[in-house]
Protein chains: 2
Amino acid sequence: MRPYGQFCGLARAAEILGQRWALLVLRDLLVGPRRYSDLAAGLPGIPSNVLAARLKELEQDGLVAREARSGADRSVVYLPTRRAEALVPVLDALGRWGAADMRVPREGEVVTEAALVSSLRSAIQRDARRLRPRSTYQVTIADLTIHVAIDGDDVRVAPGPHPDPDLVIATGPGLRDLLAGAVGPEQAIAEGIVELSGDQTAFGDFVATFHVPYAST
Amino acid sequence: MRPYGQFCGLARAAEILGQRWALLVLRDLLVGPRRYSDLAAGLPGIPSNVLAARLKELEQDGLVAREARSGADRSVVYLPTRRAEALVPVLDALGRWGAADMRVPREGEVVTEAALVSSLRSAIQRDARRLRPRSTYQVTIADLTIHVAIDGDDVRVAPGPHPDPDLVIATGPGLRDLLAGAVGPEQAIAEGIVELSGDQTAFGDFVATFHVPYAST
DNA sequence: CGGGATCCCCCGAGATACTG
DNA sequence: CAGTATCTCGGGGGATCCCG
């Protein structure tokens, strides 16, 4: 990591986070602890040596901790430190900014589990008017499944299915338009952007809970 | 700019802002319009070809606009677009995060005008209790001079001297401790971290207006 | 003199293979 | 499973040159 030679917080941040793949490694770790091979699988295209180098650097910079699990499963697990967790609101803001002119996947772009979870997390509107105080959702895109559990102001987004979702939503990249409000809930249903099963009256609540606008101009 | 191949706002942001020097070029432009040579001078160590390449890419990405000034001074000026301005709160947060474990300059690190202005801007506490509703300050570090004008909740930080400052503050990298609250106003005076001239009673107001904490642990 | 373009060198990323 | 080893290649670092 070549230094910028400036006594400046932004320059220091850029030295760490400007490294190739660094932001995405952190994004994945901030969704939950990951093993080396989890990370490799969740970051299609990352060269193995680059992943190893990033993890080593991020550990040295105090953002990532290695935990060697003992016992039957003696794999190595990487987890974010408190310093990395302090980045969550920053990465959320960065992600929303980047999403502002992201409407349709480019050729060959994929959606990963961490991308989906962190996108929805960054989109949470805690003050949204809700139809119901508690609700649970399961969202599927291609072969990915995540879930959302809302309890009052507490909104949780996490990987994997939900044991007992009120509503199951199957969708695709068109979800982006829905989050931006460019497509309303009824229109999304009508146009087949989403397929619902379960308590369909909860869908409005789901849509109101998340928002990531498009760039104004 | 090699794509990450993920349909994800953070990945899109990383493709643009993860480029070497990109964040610092934007930081400088967000302080004010700059000519090519202004940028080169404000970013010590940036290779000329890299600056040219970044500007071209940032223009293509819709973050930077070129404006060819006509008339006597027919220089080219670069300015941030609205899309770049939407980054201001994000870069502020990033800079504060980076500053959280930045206490002392590393060997050879310098302070630039844009670094100083944007650091102070990101540190503004709009809800700070003030001794006086209006006040103006001039801050000098080495050969750099910037100024601050406070009018109620309106706090402005800009390059250059102020025509009629209430208080002139000469300081150095020790300003970092002051912003973090690790050193109080009186202590800063006593230890020679700052040298004041003018209305010294305004110094407490100045200190209360800006805050960038150190990392907790 | 401002605003770049060009050249060469080298590091770090990409790709792939291989090992404890 | 968790990396290291090796090779290639594009882009950055540094200096110099060029053009209006």
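Naming: A, B, ... by sequence-line order, numbering from 1 per chain. Everything numeric here is computed off the predicted structure, so don't read it as measured data.
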Does B:Ser48 make a side-chain donor-acceptor contact with the base of C:dA5, cut-off 3.5 Å?
yes
When you get a sec, tell me which of D:dG11, D:dT4, C:dA13 is the closest nucleotide to the side chain of A:Arg54?
C:dA13
Any donor-acceptor pair under 3.5 Å between the side chain of A:Asn49 and the base of C:dG14?
yes
Please work out if A:Glu57 contacts a base, only the sugar-phosphate, or nothing of the nucleic acid, heavy-atom cut-off 4.0 Å.
nothing
Any side-chain N or O of B:Lys56 under 4.0 Å from OP1/OP2 of C:dG3?
no
Given C:dA13, D:dG12, D:dG14, which nucleotide is nearest the side-chain atoms of A:Arg2?
D:dG14
Output the single nucleotide from C:dG3, C:dA13, D:dA2 whose closest atom is nearest the side chain of A:Arg20.
C:dA13
Tell me, do A:Thr136 and A:His147 make a side-chain contact under 4.5 Å, heavy atoms counted?
no
B:Tyr4 side chain near C:dG14 phosphate (N/O to OP1/OP2, under 4.0 Å)
no
Establish, with yes or no, whether the OP1 or OP2 oxygen of C:dG2 is under 4.0 angstrom from a side-chain nitrogen or oxygen of B:Ser37.
no
Regarding the side chain of A:Val50, the nearest nucleotide among C:dA13, D:dG12, D:dT4 is C:dA13
When you check the phosphate oxygens OP1 and OP2 of D:dT4, does a side-chain N or O of A:Tyr36 lie under 4.0 Å from one of them?
no
